[in-house]
Amino acid sequence: MIAASLNAALGRAGLLLLLAASVFGAFAVLYGIRQRNPKLLKQGPIYAWLGFGGALLACVMMQRALITRDFSLAYIQQVGSADTPALYNFAAMWSSLEGSILLWVAVLAGFTGAVAWRFRKRTNDVLVGWALIVMFVISACFAMLSFGPADPFAAGAPGVTSGPGPNPLLQNHILVLFHPPILYLGYVGFAVPFAFAIAALVTGRLGEGWLLETRRWALFSWAFLTIGILLGGWWSYEVLGWSGVWAWDPVENASLLPWLTGTAYIHSVLVQERRGMLRVWNLSLLVATFALTILGTFLTRSGVINSVHAFGDGPVGPWLLTYFAITVAVSLALIAWRGDRLRSPGTIDSPISREGAFLANNVIFTVFAFVVLLGTVFPLLVEALQDRQTVVGAPYFDRLSTPIGLVLLFLMGVAPVLPWRKASTELLRDRLFWPAWIGAGALVVAVAVGATGWAPLVAFGLGGFAAGAALRQIVLATRRQGWRGFVGRTNGGMVVHLGVIVIGIALAASNSFTHSATLTLTQNEPVEWGGHTFELVSVDERINDAGSERVVAANVLLDDRQEYRPAVTTYLNIGQDVGTPSVRTGFTKDVYLTLGQGVAPGDTEATIRVFIKPMILWLWIGGAMMAIGTLLAAFPSGRKRNPLDPVSAPIGADQPSMQPSAEPATPAVPPGATEPAPEPETVQVRTT
Amino acid sequence: MNTKSLNRRLKGWMGWLALIFVVAAALTIGIASTTGPQTPEERIDAISKRVACPVCDGESVFESQNSASIAIRNQVGDLVAENDLGDDQIVAFIETRYGAQVLLVPRASGFDALVWVLPAVALVCGVAGLAVAFRRWRVQADGTLDPTDDDRALVEAALRDQRGSADTK
């Protein structure tokens, strides 16, 4: 009992410390800015680190409660079990609502601490001050959520001495350990550029300074979101037994939405960095990304939308909806208030230009996000307006996302060869020639290996085209700069593009050319199907040491080479059966086996389902390429291109040419205003 | 002849014409040889992906491992084995048995049609918005030769910011 009260008491104390540090931190920095008091401003980071310490303490106490199976806590009664293996017991922290909010809070506090650390020497800068205030406010909001309606340390019913453990699906694959924290790093990470955007609006320093400060933060958050989403797909493939990676489930959509707007942002931000344009648009995309994160959390954590992996109907719904409303209202009001300063002076000369391609990219990504959002909330609209139940499922999203994906592949082929300002047809004809032939080659190869159907074929052709354009950029850059041709934003970005293309092609192939069959196997009688032989060796049963899980598995000899064990695991404490697929992975195709229900050990006959899916492995390889590309893009490229130079100029040219002919035809505005002007490093604050 | 001029000659209209020919030929062959599902199993999969599991939350009958879903799957399997009905008719049959909420693809009529119409509207708005923006930029680039007072004020403000004066509050 003493131990029990210790976990709850210290855990709550940690959360209270975070809440208090966030609130006091926000007020201290705000007061410091108003009074121009550098001493107060210097305290900001200390509050941030205190808050992070509090969040860490809460997490440690939650882990301690899980490890010691402290069943006096309601949360442990819900997800704890004496039989859960240590690893999954560790991951049980985020296996239900309260704990996942705690993880969210901890990641947020970590980001606040990291921002404070990164900018600790610039506390006098009001932009940094306001960004910290915004981070503190968000931290306080989520700490309140964790302290109030989603309290992970709430006392449970007395007298309980055992629990069911986490959902069985969350305790049979190692990815459960990595997918949620990495996804949260991405989700929550977008709070940092959002905070700086709000700070820029409040201070009126709407130049490109805040964009440059948060470039890497946005990039890393985007990368974590990407990896988190892919790991989720991988988990689904390895665990759920329907052989797919993506089901357009509302929870999946909730993670895709900020990814879509975030992807649009990291592209269009380049236009602003270079030309000082699209200020309102970029702010809106950042606000949308952050707001969609909160909306997604609301949709999946409040029980308004049913989904296999939504977490019940907790009392957090109204809170999150309020946060969402406040985020949107405050951001829009600030943008409206600063409308005059957001007017950008330049013009975009031609749609056939790098800027034009980025704008087209943005329109497509925004429409994509709209489609996903509409499909996700449409059942809610129907229920609210017409009081009937509907489902908008995967076929709807598939049908609409296919053309969108193809257009995006096309844009990925054209955009990298386009110069800024405007392009001539001769230039396009010259630069697009080899990429187009690579696309034609990919198409011919696809037809030669037997691919059919217009959508996958067009996808393969456009994929080759886009890959050609990306490779062209990398080849030209490495020829000029050696290994440095791989690093920097443009070149790293092309590596990311290659990863995306690999994933796109793998998705097209695996969605279009999956074959499946149900085979009834009799012991020692090989069955041939789809170019493979399947032979049932035996059906056996294993019960784990704790006596909580019974695994009935069929040993299936595949192609006379290796045995695979599709299984059904029965969680005896809960009485739930969970199928576990067994997969042979290969570079060209996977063979995916699942075992039907109702098989008993010793049976000489078993029904298995077989899926033959091409190119699944390339989804994960593409993901790795995207991660590596992002790292390369974030790597400082050393010599900086002079923003006034033409794109074709060698980087680091000594003479910054002013290039009068290429200037936009707005002689009214001197170049200093159309190009991103460096902002002052700090704004001097006077001591009172 | 050096490689550069060969490269340039390839990139003339002949090269592009050859490209169009190759792409068209490959697409024709590929699309013409399209076959439907190869096993009854694959037809069952294709149909069951369009039907929602009636008791679980938003999963399709294809994904769900639930007993109700397995029942529907078996039913679809029987209908496929009989081979009387087309895919759409089988889905319609399942709908009459279980109600409209098992349809995973919203209908294109009544209120549900909005879910199909709105994305198209959004795309049209996006593209139109882009077209308007480009038009305005062109007019702006052509028309205004003299700086307006607004422009001067903007430049003034930007320069003030750059000098790092303490106006920014």
Side-chain angles (χ1 to χ4, degrees), chain A residues 203-205 207 241-242 244 247 249-250 306-308 343 345 347-349 351 359 363 366-367 370-371 374-375 378 382 386 389-396 400 429-430 433 436-437 440 443-444 447 451-454 457 461 515-518 579 664-666 668-670 673 677 680 683-684, chain B residues 10-11 15-16 19 22-23 26-27 29-31 33-35 38-39 41-42 45 49-50 52 56-60 62-63 65 100-106 111-112 115 118-119 122-123 126-127 130 134 137 140-142 144-148 151 154-155 157-159 161-162 164 166 168-169:
Chain A
T203 57
R205 275 167 54 188
W242 59 278
D249 172 276
N306 292 331
S307 149
V308 256
R343 224 192 87 202
T347 63
I348 293 182
D349 310 83
L359 284 178
V363 168
T366 314
V367 170
F370 176 74
V371 167
L374 179 70
F378 197 72
V382 171
Q386 301 197 326
Q389 302 283 325
T390 46
V391 192
V392 178
Y396 167 81
L400 289 180
R429 211 161 58 200
D430 179 50
F433 187 78
W437 268 103
L443 181 60
V444 169
V447 171
T452 55
W454 73 269
L457 284 179
H515 295 298
S516 70
T518 303
T666 48
V669 188
V683 169
Q684 214 44 54
Chain B
L10 278 174
K11 287 179 177 175
W16 284 97
L19 176 89
V22 168
V23 169
L27 273 180
I29 296 170
I31 293 171
S33 53
T34 304
T35 51
Q38 288 177 3
T39 59
E41 195 70 24
E42 282 164 33
D45 287 353
K49 277 178 188 169
R50 293 166 61 184
C56 28
D57 297 327
E59 276 184 303
S60 71
F62 174 70
E63 293 153 32
Q65 314 290 333
Q101 69 268 25
V102 299
L103 288 184
L104 271 178
V105 187
F111 185 76
D112 289 5
V115 81
L118 287 179
L123 182 66
V127 173
L130 213 53
F134 274 111
W137 277 320
Q140 207 175 326
D142 293 346
T144 55
L145 285 173
D146 292 324
T148 62
D151 291 333
L154 207 60
V155 171
L159 290 175
D161 277 4
Q162 201 169 358
T168 45
K169 204 187 99 175

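Numbered from 1 within each chain, the chains take letters A, B, ... in sequence-line order. The basis for the numbers below is simple: all heavy atoms, side chains too, and nothing from hydrogens, waters or symmetry mates.
The two residues B/P106 and A/Y396 come nearest to each other via the heavy atoms CD-CB, 4.0 Å. Contact record, B/K49 with A/P395: O-CG, 3.4 Å, taken as the closest heavy-atom pair. When all heavy atoms of B/P119 and A/L400 are compared, the closest pair comes out as CG-CD1, 4.0 Å.
Interatomic distance, CG of A/D249 versus OG of B/S60, reported as 11.0 Å (0.5 Å rounding). Distance CH2/B/W137 to CG/A/D349: 10.0 Å, rounded to 0.5 Å. Rounding to the nearest 0.5 Å places CG of A/L457 at 6.5 Å from CD1 of B/I31. Rounding to the nearest 0.5 Å gives a distance of 10.0 Å between CH2 of B/W16 and CH2 of A/W437.
Considering only heavy-atom pairs separated by less than 4.5 Å from chain B, the leading option among A/G453, A/G375, A/A394, A/G244 is A/G453. Chosen from A/A436, A/G579, A/G461, the residue pairing most often with chain B at heavy-atom distances under 4.5 Å is A/A436. Annotation: maximal heavy-atom pairing with chain B below 4.5 Å, among A/V444, A/T366, A/V392, A/T518, occurs at A/T518. The residue among B/S33, B/G30, B/G126 with the most heavy atom pairs within less than 4.5 Å of chain A is B/G30.
Both the backbone and the side chain of A/F433 come within contact range of chain B, judged by heavy atoms closer than 4.5 Å. A/A440 touches chain B through backbone and side chain together, each having a heavy atom under 4.5 Å away. Interface residue A/L359: backbone and side-chain heavy atoms are both found under 4.5 Å from chain B. B/A157 does not touch chain A: none of its heavy atoms, backbone or side chain, sits under 4.5 Å away.
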Could you go step by step and tell me if B/L103 and A/V391 meet the side chain to side chain contact (heavy atoms under 4.5 Å, CB included) rule?
CA-CA 7 Å; B/L103 288 184; A/V391 192; over 6 Å; no
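B/E42 and A/S516 share no side-chain donor-acceptor pair at under 3.5 Å.
At a threshold of 4.5 Å between non-hydrogen side-chain atoms, the residues A/F370 and B/L123 do not count as touching. Looking only at side-chain heavy atoms (C-beta outward), B/V115 and A/L374 come within less than 4.5 Å of each other.
For A/V363, the side-chain contact (heavy atoms from CB on, under 4.5 Å) partners at least two apart in sequence or on another chain are A/V367, B/L130. Scored by the side-chain contact (heavy atoms from CB on, under 4.5 Å) test, A/T390 finds A/P379, A/V382, A/R388, B/D112 as partners (sequence neighbours excluded).
Between B/F62 and A/W242, the ring-plane angle classifies as perpendicular under the 30° and 60° cut-offs.
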